[in-house]
Protein chains: 2
Amino acid sequence: MQDTKKRRNTGQITLFDVAKYAGVGTMTVSRALRTPERVSDKLRKKIQTAIDDLGYKPNVVASLLASASANRLIAVVTTKICDHSTRILLNSLQTSLAKDGYTTLIIETYHYHKNEAQLINALYSQNLAAIVLFYVENPTIIEKIVHRKTLPIINIGIQSYSCININIQPDDSLAMLMLTEYVIKQGYRHIGLLCANQQYHLFQQRLHGWHRAMLAHHLPTHRIINAAKPASFATGSELLPEMLLNWPELDALICTTDELAGGVLNECHRRHIRVPYQLAVCGFGDSEFSQVCVPPLTTVALPAELMGQHTATLLLKQICPDIDDTETDLSFLIPIIKTRASL
Amino acid sequence: MQDTKKRRNTGQITLFDVAKYAGVGTMTVSRALRTPERVSDKLRKKIQTAIDDLGYKPNVVASLLASASANRLIAVVTTKICDHSTRILLNSLQTSLAKDGYTTLIIETYHYHKNEAQLINALYSQNLAAIVLFYVENPTIIEKIVHRKTLPIINIGIQSYSCININIQPDDSLAMLMLTEYVIKQGYRHIGLLCANQQYHLFQQRLHGWHRAMLAHHLPTHRIINAAKPASFATGSELLPEMLLNWPELDALICTTDELAGGVLNECHRRHIRVPYQLAVCGFGDSEFSQVCVPPLTTVALPAELMGQHTATLLLKQICPDIDDTETDLSFLIPIIKTRASL
DNA sequence: TTATTTTTTGATAGCGCTATCACAATTTTT
DNA sequence: AAAAATTGTGATAGCGCTATCAAAAAATAA
């Protein structure tokens with residue numbers, strides 16, 4: 001009836017205090033909280049009273065240490081450049097994981113470039129089930145996370161790392177190649193590319209797809225602006241005049257995001273340039289905006305919803321390897337072109 | 001030279017293993033990791049070799065328990081309804097906290113409505129420094145979080161709770177009131193309101209502001225659509241025809257978000273309704289879109305940047321109460337109307 | 001040289017909880 | 001009724017780490 005262990009006084013109310021107050025052993029209190037059906041009604045009520053009277057709050061950290069059980073917690077490290085299509089991928093992933101009882105923590109590294117050690121420590125201080133690197137391009141951060149690797153890591157959106165368990169690479173280059181080929185097939189020949197956020201791998205992938213398609217069809221690839229500005233409405237509006245000045249013969253303009261294309265559309269309205277008759281415009285991402293703007297934007301998107309679900313499956317398989325690992329068929333993950341009036 | 005404690009074998013490599021391998025005590029290894037300057041070069045090198053050879057990874061949970069030190073970690077619980085202006089507030093808050101060395105974890109409750117217990121457990125399992133409830137409206141979740149309160153909680157965006165330390169309430173109602181008064185001052189009389197996301201307190205606040213302004217000027221308040229749909233481009237496009245059908249006399253339409261207003265603008269283009277000559281349109285939030293669309297949107301915004309910084313200050317003061325708590329002047333937190341061509 | 005201060009080092013004892021197992025209390029079976 | 005199975009309960013011993021303090025080693029002063 002008496003734990004004999006000595007205890008320091010940290011001011012915190014512990015299981016032991018509750019047990020003493022209720023006149024039972026600590027284990028009975030522990031059980032009353034975690035598996036109440038294994039404690040008799042009489043004691044359970046007494047314990048509940050003690051908890052209420054003392055205002056006891058469980059210490060989850062101690063519980064984690066003692067039980068060595070992993071939290072059903074998955075951290076997603078990400079930057080803030082995510083455009084619409086990547087955001088859908090992330091949402092789909094979160095929803096799928098939530099269905100299996102996993103909570104997703106999002107950490108935006110944007111704020112912590114100067115304090116990586118702290119980020120790493122934060123990541124590893126919570127008995128995570130896994131870490132997802134979502135379009136993280138900072139190699140220092142990746143290196144440090146992988147170096148302390150004690151759990152499954154999954155890398156989405158940038159080049160593969162052999163030291164990482166799962167690498168998922170949405171093929172933005174292919175999507176842009178398909179879109180560009182579609183534009184060419186429609187008869188356009190003076191096709192420009194407007195790319196922003198040039199510092200990010202994702203956008204260079206899209207640029208690369210355009211480049212491949214143009215070369216494959218023996219078309220010139222010089223009509224291009226590759227800017228370091230954000231891929232936003234404002235940037236689109238701002239850069240259209242520059243494109244038109246440099247290449248007045250332009251008959252189609254492909255933008256690396258729908259937001260850029262939206263800015264371009266607005267600027268066309270302002271200048272009374274008729275889309276698509278004087279200039280065809282395409283976006284990337286199949287955002288909601290692209291569906292309702294005037295004219296609606298032709299755009300392309302990867303099946304982000306499906307990709308998210310598939311990624312969740314892979315991740316859960318990694319966490320619980322007992323699940324059968326029949327290789328899933330990924331051929332359905334092909335980009336989809338949305339044909340609309342802007343072309 | 002020898003710890004005598006018995007140890008179970010959990011398969012994990014511990015400080016003890018490293019110490020044994022390096023021929024030193026566990027405390028020396030612990031120090032070599034946390035305060036290397038307090039360990040002699042010779043031992044430090046030996047210990048580093050042991051760590052590398054054995055592939056030792058520190059167990060942060062055990063460290064947290066033993067040292068009882070709080071993680072510099074703040075969790076933000078939020079939903080996904082956040083529109084542009086709330087997003088800026090959140091970013092500003094994160095940036096300010098990051099400057100003081102705090103890492104922000106974002107948890108989107110949207111996915112976890114069915115699993116609140118899990119959410120609470122996730123929250124309390126990481127020795128957080130504080131919890132931020134960011135536009136969380138679900139009373140069950142709030143109640144459960146507050147019930148286990150062991151650390152500072154801050155509530156942003158909805159009505160005050162007396163049991164919560166800090167309540168921050170951006171005055172969206174005032175902002176909308178000011179915007180509506182401005183529209184009235186411009187001579188418009190048949191003013192409608194388009195409100196989406198009616199289920200959220202935030203949007204009802206904005207609606208309420210419009211209502212107050214209209215009543216104060218003895219103008220009718222029946223020209224209103226208060227929909228349960230998302231506050232998006234698509235909803236704006238979809239609902240404009242309904243407004244025009246119901247109230248053909250409409251000369252100004254105020255929307256509760258810039259996105260709704262954007263959808264309305266697009267639908268106006270499609271129907272060749274000239275903005276602002278046939279219909280004036282206003283948004284809410286001063287989003288980037290509102291600045292570059294055609295015509296640019298008149299809109300209103302709260303000083304989200306400042307509010308975020310101020311909130312961070314309050315929060316840090318709560319975490320470290322030793323800082324002097326001179327009441328800060330909040331009168332500068334007034335909404336700003338952005339006058340643009342759509343009105 | 002010896003006495004004193006400073007720096008390094010490690011054995012010990014928990015942090016608050018849970019796994020384990022043995023023993024008591026109850027229920028079921030023979 | 002006694003024997004066997006089931007359930008309820010609590011003392012004990014850690015989980016992997018760090019605070020503490022005393023002892024040892026090194027540096028400085030006398």
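In this text the structure is predicted, and so the values were computed from the model without any measurement. Residue numbers begin at 1 in each chain, while the letters A, B, ... track the order of the sequences.
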Could you give the CE-to-P distance, from B/M27 to C/dT7, as a whole number of Å?
-> 18 Å

May I ask you to list the residues of residues 51-61 of chain B, by number, that have any heavy atom positioned under 4.0 Å from an atom of DNA chain D?
-> B/Y56, B/P58, B/N59

Pairwise side-chain contact, B/N165 with B/K149, heavy-atom cut-off 4.5 Å (strictly under) | yes

Grab the CG-C1' distance between A/L65 and C/dG14 for me, whole Å please.
-> 12 Å

DNA chain C: A/T10 or B/R8, which has the more 5' nearest nucleotide?
-> A/T10

For A/D17 and C/dG16, what is the distance between atoms CG and P respectively, to the nearest whole Å?
-> 9 Å

Flag the pair B/I154 / B/I164 as yes when at least one side-chain heavy-atom distance between them is below 4.5 Å, and no otherwise.
-> no

Donor-acceptor side-chain pairing of B/E108 and A/T104 below 3.5 angstrom | no

Let me know the distance between CG of A/L15 and P of D/dA13, rounded to the nearest Å.
-> 19 Å

Would you mind reporting whether A/R72 and A/T103 have side-chain heavy atoms less than 4.5 Å apart?
-> no

Hey, are A/R44 and A/S40 close enough side-chain-wise for a donor-acceptor pair under 3.5 Å?
-> no

Under 3.5 Å, is there a donor-acceptor pair between the B/D53 and B/Y21 side chains?
-> yes

Donor-acceptor contact below 3.5 Å, side chain A/Y135 vs main chain A/H201 = no

Between B/S160 and B/Q169: side-chain donor-acceptor atoms closer than 3.5 Å = yes

So which of residues 28-46 of chain A are in contact with DNA chain C, with a heavy-atom cut-off of under 4.0 Å?
-> A/S30, A/R34

Side-chain contact test, heavy atoms from C-beta onward, threshold under 4.5 Å: evaluate it for B/I319 versus B/I74 and give yes or no.
-> yes

Count the heavy atoms belonging to other residues, nucleotides or ligands that lie under 6.0 Å from CZ of A/R38, then report whether that count exceeds 12.
-> no

Could you state the atom-to-atom distance from CD1 of B/I47 to C1' of C/dG10 in whole Å?
-> 11 Å

Is there a side-chain polar atom (N or O) of A/T26 under 4.0 Å from OP1 or OP2 of D/dG10?
-> no

All stems that DNA chain D takes part in, i.e. 3 or more consecutive Watson-Crick or G-U pairs with distances under 3.5 Å, are C:4-29 with D:2-27

Of the nucleotides D/dG10, C/dC15, D/dC15, which one has an atom closest to the side chain of A/R7?
-> C/dC15

Do B/Y161 and B/N167 meet the criterion of a side-chain donor-acceptor pair at a distance under 3.5 Å?
-> no

Atom CD1 of B/I13 to atom P of D/dC15: distance rounded to whole Å?
-> 15 Å

Is the phosphate of C/dC15, meaning OP1 or OP2, less than 4.0 Å from a side-chain N or O of A/Q12?
-> no

